[in-house]
Amino acid sequence: MSALPLFQPRTSRDVADLVAAQPLAWIVSGPAGSLSATPLPVQVECDADGQPLRLLGHFGRSNPQWKAFADDPRATVLLIGPHGYVSPSWFADRSRAPTWNYTTVIFEVDVELRDTAEDADRLLRHLVDDVERGRPGPWAVEEMGPRYLSLREYVVGFHAHIHDTRATFKLGQDERDDVFDDILRGLWNTGQLPLAAWMRRFDNGRGADAIASIEPRAQPLDPEIAGFIDSVIAEGRRLVGGRALGWPALREIVEQVRRPWREGGPVMARTEEIFADTRHGPVRLRIHDPAPGTPKPTLAFLHGGGWAMFSLDTHDRVMRELAARAGVAVVGIDYALSPEVRYPVALEQVVDVVHWLGANGPAYGLDGEQLALGGDSAGGNLSTGAVLKLRDAGEGHRVGAVLSYFAGFSPDASAQSRRRYGTDADMLTAVEVDTFWNYYISRPADRNDPYTHGLLADVDGLPPYFIGVGECDVLTEQNLAMAGKLLAAGNDVRIKVYPGAPHSFIEAVKVSKIARQALEDGAQFLRRVFDHEGACMESLDKSGTCVA
């Protein structure tokens, strides 16, 4: 195995990250001619400088290999990470020979057995927490109940103290620039993305042009919205400060970041908060009524935020804008957030609020018979899930329209959309899409539940839809696909794509003509569906606020 300086790790973090990404390793021990080898998952612990100190793991008690460590603690741990064959068919210069790119680490260790119940418990919990983190409905050892205690007796833990590390990252560092680019493009085109990502990590910038040449070109953002996006992203990153924060802390930050952007806009004649009873307990509602005492339809609005953040406050101006522009009462629904509460709780809360508004709305000046559901992003997903649930229960008549902005209709974003509009510089990254879905659903099968994954649903007999889509959004493709699916089923669908608009663009209503137009388009849709003249029609003041 090559150990040339050319193929060495740049920092100790490279080794630690490789173990974290590919934890299954061979534990090899014993004298020549009678070696023992066991594949086991390991975790690495590092010092303050990131240097690997020891590997943590456990043997099954029935495995005889562990007993020999009492007499001879020496062992070799072999780990191979992403690797792959590099075909000359990818090269412009086909005189090149085939090769392999690979990542490997060899640890020479002394194994210290940790054979107490407490050691086994600590090692097992540490491993489970690590490998379950971020999964849909992550499993915990407590779910085994009393069986866990008996299982633990069959485990022998160990700390493998590292005294030598030899890592090889053979990732094209010795190739000509043109050949390196050909390899990188070949890996991308054949779907070997983990190996390609490690090549990019070691390319010192060489591969940027190669990837750019096969990536679809992103359209430029509208300048007014771009200022909003840049401000929100920069302020959020400043407040996070590189820390690993839990959801409560992250929610506080996004509320703070968006506070200036929700200020101003229409002043409601009446704003009131009440609670609706649901099968999951009371749910807070915020009513914005632009003209109390006047009969008008009602829009039940569901804020976005990946089902995990944002609130009635972050979307308060959006709701007031829609109320004023459409002349409808808007009722914001404060549904339960994930990951503390997972699917189907939020969806069932929405369905129950629809029932509650039908029965109790008139007491609060709301017309529960002329009801629309709407929202942005995750709120659009919940709106579609709710009308599907109601239709399947024979209650499709309860909702007369759906107003949906850049909704998540599928957990699957294409590779092209992820690379084009799901980067770290975008408002919604591809990584965030995956994270939000994993924290929302309760189990992997929920990804294919038609009430979460609208593109898999039978959409016959749904109410009229308005679908507002940003051109520069990682979710644009699935919004267009959902519009086509609804149209093919014979539904009444209005769709509009807003040039230069990214995800979340309606939140920029304070500064963006495009955001104001999108909200006005949604208001016109509601007025048409409900044959409702509204309070302010198309009269706008200089700030874009709708005036009666």
Side-chain angles (χ1 to χ4, degrees), residues 136 299-308 333 335 338 342-351 353-354 371-393 395-396 398-414 417-418 422 428 430 432-434 436-470 473-497 503-504 522 525:
L299 168 66
F301 188 86
L302 301 155
H303 65 79
W307 306 280
I333 302 176
Y335 60 88
S338 64
R342 293 176 180 260
Y343 176 78
V345 172
L347 179 58
E348 291 174 346
Q349 288 176 325
V350 175
V351 170
V353 168
V354 170
L371 179 66
L373 267 180
D376 66 316
S377 195
N381 173 282
L382 288 169
S383 299
T384 293
V387 294
L388 288 167
K389 281 274 189 185
L390 290 163
R391 181 206 61 187
D392 293 346
E395 297 181 309
R398 290 185 176 274
V399 175
V402 177
L403 177 62
S404 179
Y405 291 103
F406 41 84
F409 289 114
S410 167
D412 303 313
S414 74
S417 64
R418 294 169 75 92
L428 177 65
E432 287 174 329
V433 171
D434 297 337
F436 286 141
W437 274 93
N438 283 344
Y439 279 127
Y440 173 55
I441 60 179
S442 297
R443 55 200 179 102
D446 293 337
R447 290 173 61 91
N448 296 319
D449 186 327
Y451 301 121
T452 66
H453 192 155
L455 288 178
L456 298 182
D458 169 8
V459 296
D460 287 346
L462 294 187
Y465 260 75
F466 175 84
I467 297 179
V469 190
D473 185 358
V474 68
L475 304 184
T476 298
E477 286 182 0
Q478 54 187 260
N479 276 262
L480 297 176
M482 188 63 178
K485 186 178 179 74
L486 288 163
L487 285 166
N491 295 290
D492 177 356
V493 182
R494 300 295 175 93
I495 182 168
K496 185 168 180 179
V497 178
H503 197 76
S504 293
F525 164 76

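Along the sequence shown, residues carry numbers from 1. As a basis for the values below, the full set of heavy atoms in this structure was taken, side chains included, without hydrogen atoms, waters or symmetry mates.
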Any donor-acceptor pair under 3.5 Å linking the side chain of [X] with the backbone of [Y]?
X: K485; Y: G454; answer: no
X: S383; Y: G379; answer: yes
X: S442; Y: Y343; answer: yes
X: T452; Y: D446; answer: yes
X: R342; Y: I441; answer: yes
X: N479; Y: L475; answer: yes
X: N491; Y: L462; answer: yes
X: D376; Y: G304; answer: yes
X: T476; Y: G470; answer: yes

Under 30°, 30 to 60°, or over 60°: which ring-plane class applies to Y405 and F466, parallel, tilted or perpendicular?
perpendicular

Do the rings of W307 and W437 sit parallel, tilted or perpendicular, given the 30° and 60° boundaries?
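Ring orientation, 0 to 90° scale: perpendicular.
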
Rounded at 0.5 Å granularity, tell me how far [atom1] in [X] sits from [atom2] in [Y].
X: S404; Y: L486; atom1: OG; atom2: CG; result: 9.5 Å
X: F406; Y: S377; atom1: CZ; atom2: OG; result: 6.5 Å
X: I333; Y: Q349; atom1: CD1; atom2: CD; result: 9.0 Å
X: L428; Y: H503; atom1: CG; atom2: NE2; result: 4.5 Å
X: L373; Y: T384; atom1: CG; atom2: OG1; result: 9.0 Å

Pick one: which of I495, L403, V387 meets side chain to side chain contact (heavy atoms under 4.5 Å, CB included) with Y465?
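Exactly one candidate clears the test, V387.
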
Quick one: closest heavy-atom pair of [X] and [Y], and the distance?
X: A413; Y: V474; answer: CB-CG2, 4.2 Å
X: G305; Y: A378; answer: N-CB, 4.4 Å
X: H453; Y: N448; answer: ND1-OD1, 4.0 Å
X: L299; Y: G374; answer: CD1-N, 3.7 Å
X: A457; Y: L388; answer: CB-CD1, 3.7 Å
X: G306; Y: S338; answer: O-OG, 4.1 Å

Determine whether the side chains of D392 and Y451 contain a donor N or O and an acceptor N or O closer than 3.5 Å.
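Looking only at side-chain atoms, Y451 and D392 do form a donor-acceptor pair, the distance falling under 3.5 Å.
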
Distance only, no hydrogens: is a donor on one side chain within 3.5 Å (strictly under) of an acceptor on the other, for Q478 and S410?
no

Minimum side-chain heavy-atom gap [X]-[Y] below 4.5 Å:
X: F409; Y: N381; result: no
X: P411; Y: F436; result: no
X: P136; Y: R443; result: no
X: L455; Y: M482; result: yes

Are D460 and R391 close enough for a salt bridge, meaning some N to O gap below 4.0 Å?
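Looking at D460 and R391, the cut-off is not met.
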
Taking R418 first and then D412, would you say they form a salt bridge - that is, a charged N and a carboxylate O separated by under 4.0 Å?
no

